[in-house]
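Numbers restart at 1 for each chain; the letters A, B, ... are given by sequence-line order, proteins then strands.
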2 protein chains.
Amino acid sequence: MGTACFGVDIGGTAVKMGLVDEEGNILRDVSFPSPRDPEVMFDEIARQANQLRDAFPDYACLGMGVGVPGPVPDQARVHGCVNLGWGMVDVSGELGRRTGLPVRVENDANLAAFGEMWQGAGRGHRNLVMLTVGTGVGGGVIADGRIVSGWAGAGGEVGHMPVPWHQDWPCTCGKCGCLEVTASATGIVRSARQFSPFDQMEDLTARDVFDAARSGSADAQRVVKDAANCLGYAAAIIGCVVNPELFVVGGGVSAAGEMLLAPVRQAYLQWVFPPCRGAAFRLASLGNQAGIYGGAGLFFC
Amino acid sequence: MGTACFGVDIGGTAVKMGLVDEEGNILRDVSFPSPRDPEVMFDEIARQANQLRDAFPDYACLGMGVGVPGPVPDQARVHGCVNLGWGMVDVSGELGRRTGLPVRVENDANLAAFGEMWQGAGRGHRNLVMLTVGTGVGGGVIADGRIVSGWAGAGGEVGHMPVPWHQDWPCTCGKCGCLEVTASATGIVRSARQFSPFDQMEDLTARDVFDAARSGSADAQRVVKDAANCLGYAAAIIGCVVNPELFVVGGGVSAAGEMLLAPVRQAYLQWVFPPCRGAAFRLASLGNQAGIYGGAGLFFC
């Protein structure tokens, strides 16, 4: 008889969940559109969990680890999820009651970092920081093998650190000049629109900007360099605070690969405290299954 | 029979050590000038420890926690202490062999933070950051009750994070524009020297600058405001990374009290991610005994 755990990643558009064995194999995973009503969502997660358990009767199930898009200070309750229209929700209580399993809850970006540590690009490392560069910039800090959730569950919210770039550009958080204002996909598009022909392009994406840079556009190259520079500067600051061995870079923008990582590394080396220079930068490897691995990993690590 | 532990703070000029009971009372403490030779130093620490144990025969001694002025990645070996002229030294092995006790080693700034958590200004909090503002700016990060040592033992080296102040002023670390270049006692003196009559004053100290600010000097007030602003900005960044509930401010410059803390708080609120705004700022309360408490606390917490 083996052991297995559930990893559940609750997102604004879909819930992804899987049953994962102790070796880190996903035995089976499912996903479904996120119901608006949390009661309906929890019922459906429990129903799917029971089906998965029935399908693998040879595995003892140890628990369920759940990622949610909001702050979780106590591994149980989320204090508001803007994307889901939730206020305070006792995710651990609701799912524990429905499944009879121990349930641990974490912020989704933190859980993705934990998943990358257990089974992804961070395997074998106990001090790492994940930077998720997409529409915004998310983060997850792992210190000595444990998630740094922080007091209010806002540990790893590195996208909202102030940086000396575009200090008059507003951020969704209400401040101006946050890291994600410059270094996210949104920021890259906004920066590119300062130059023609990007200023006229409808539906411009960060990928278009990277493609243009690859094709030789000096303006696009400047935009990419600037965003990467900003990200490397932020990583250097993070290095001085928690001194990780590894930065794992994920999210949509990380599809640019070395074109992004190379200048990020260079900027990091320029700004970080010299004893922290040995840190590596690697692309995330688990894609949108990082949360499933992370959730299960909470019980296996 | 009670239990007790040793806390030992190895500094560049003196070794301070004490025997501390489980309630956090220092039963007795001693200090002696730091011998240049590490062998001589360890012999003397062991000799003092034996004397202290003999003086308190009713206490079972659980271990010894040691702070050293250098990076300690593994709770055992320090990877170089500039102030002591040490290379890599196995402090845990050397002192364990001489005392027969379990010995845990940490960077001194991290250990001071831990001491403030256990018995000082941070009592009752498990997520806190200590900022030690003296000749330089040191730091210690505590996440969920544990020291964040980092991969190379450089966790909490916040004095060397880049900040957008005085970016052409060199730092002792080899970079320019680090936090401590502006926000330390050294930085405050250097900033003040830009203005008369400070430019002519020999032996000018940060305290003189605070005194002048208190007496109404607009230039001194500007210097103090600028340093506090820089410190609050750095705290805001730290807030976005590890989200502490509390910042404990210690070191010589913290003697300025609310004259320093008030503008630091104000700057923090301006720059931090809004969900982190609830963090408090308090003065350290253990002075130069924080390391003794921290060392003993490693075994009691």
Side-chain angles (χ1 to χ4, degrees), chain A residues 70-71 73 75 79-80 125-129 139 141-144 146-165 167 171 173-179 233-234 236-246 267 270-280, chain B residues 70-71 73 75 79-80 125-129 139 141-144 146-165 167 171 173-179 233-234 236-246 267 270-280:
Chain A
Q75 288 212 319
H79 291 235
H125 301 285
R126 295 178 60 81
N127 290 286
L128 68 84
V129 170
V141 176
I142 312 285
D144 197 20
R146 300 183 359 157
I147 293 172
V148 176
S149 302
W151 167 56
E157 286 288 359
V158 299
H160 299 285
M161 68 165 63
V163 292
W165 270 260
Q167 296 189 54
C171 181
C173 76
K175 296 190 299 155
C176 288
C178 294
L179 170 62
Y233 175 92
I237 291 178
I238 296 167
C240 296
V241 181
V242 294
N243 180 211
E245 180 172 12
L246 178 67
Q270 178 185 343
W271 276 303
V272 82
F273 183 44
C276 303
R277 281 187 182 145
Chain B
Q75 287 211 321
H79 291 237
H125 301 285
R126 294 177 59 82
N127 291 285
L128 67 86
V129 170
V141 176
I142 313 285
D144 198 18
R146 301 186 353 159
I147 292 172
V148 176
S149 302
W151 166 56
E157 287 287 359
V158 298
H160 299 285
M161 68 164 64
V163 292
W165 269 260
Q167 296 188 55
C171 182
C173 76
K175 297 191 300 157
C176 287
C178 294
L179 170 61
Y233 175 93
I237 290 177
I238 297 166
C240 295
V241 180
V242 293
N243 180 210
E245 181 172 11
L246 177 67
Q270 178 185 344
W271 276 303
V272 81
F273 183 44
C276 302
R277 281 187 183 145

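For H125(B), the side chain to side chain contact (heavy atoms under 4.5 Å, CB included) criterion is met by L128(B), E245(B), L246(B), R282(B), not counting sequence neighbours. Y233(A) is linked by a ring pair (Phe, Tyr, Trp, His ring centres under 6.0 Å) to W165(A), W271(A), counting only residues two or more places apart in sequence or in another chain.
For the pair V272(B) and K175(A), the tightest heavy-atom approach, listed with the atom from each and the gap, is O-CD, 3.2 Å. Between P275(B) and A152(A) the shortest heavy-atom distance is O-CB, 4.0 Å. The shortest non-hydrogen separation linking G278(B) to W151(A) is C-CZ3, 3.7 Å.
The most heavy-atom pairs under 4.5 Å with chain B, out of A143(A), G177(A), G174(A), P162(A), come from P162(A). When the candidates V242(A), V129(A), L179(A), V158(A) are compared by the number of heavy-atom contacts under 4.5 Å with chain B, V242(A) comes out ahead. In terms of non-hydrogen atom pairs under 4.5 Å with chain A, the most contact-rich of P71(B), C173(B), G80(B) is C173(B). Ranked by heavy-atom pairs under 4.5 Å with chain B, the list G239(A), G153(A), G155(A) is led by G155(A). In terms of heavy-atom pairs under 4.5 Å with chain A, the best-connected choice from I238(B), I237(B), V148(B), V163(B) is I237(B).
Using a 4.5 Å cut-off between heavy atoms, P274(B) contacts chain A through its side chain alone, with no backbone atom that close. With a 4.5 angstrom heavy-atom cutoff, N243(B) touches chain A via backbone and side-chain atoms both. When heavy atoms are compared at a cutoff of 4.5 Å, P164(A) approaches chain B by way of both its backbone and its side chain. Within the 4.5 angstrom heavy-atom criterion, only side-chain atoms of R146(A), from C-beta onward, approach chain B.
Put simply, the side chain of V241(A) reaches to within 4.5 Å of the side chain of M161(B), judged on heavy atoms.
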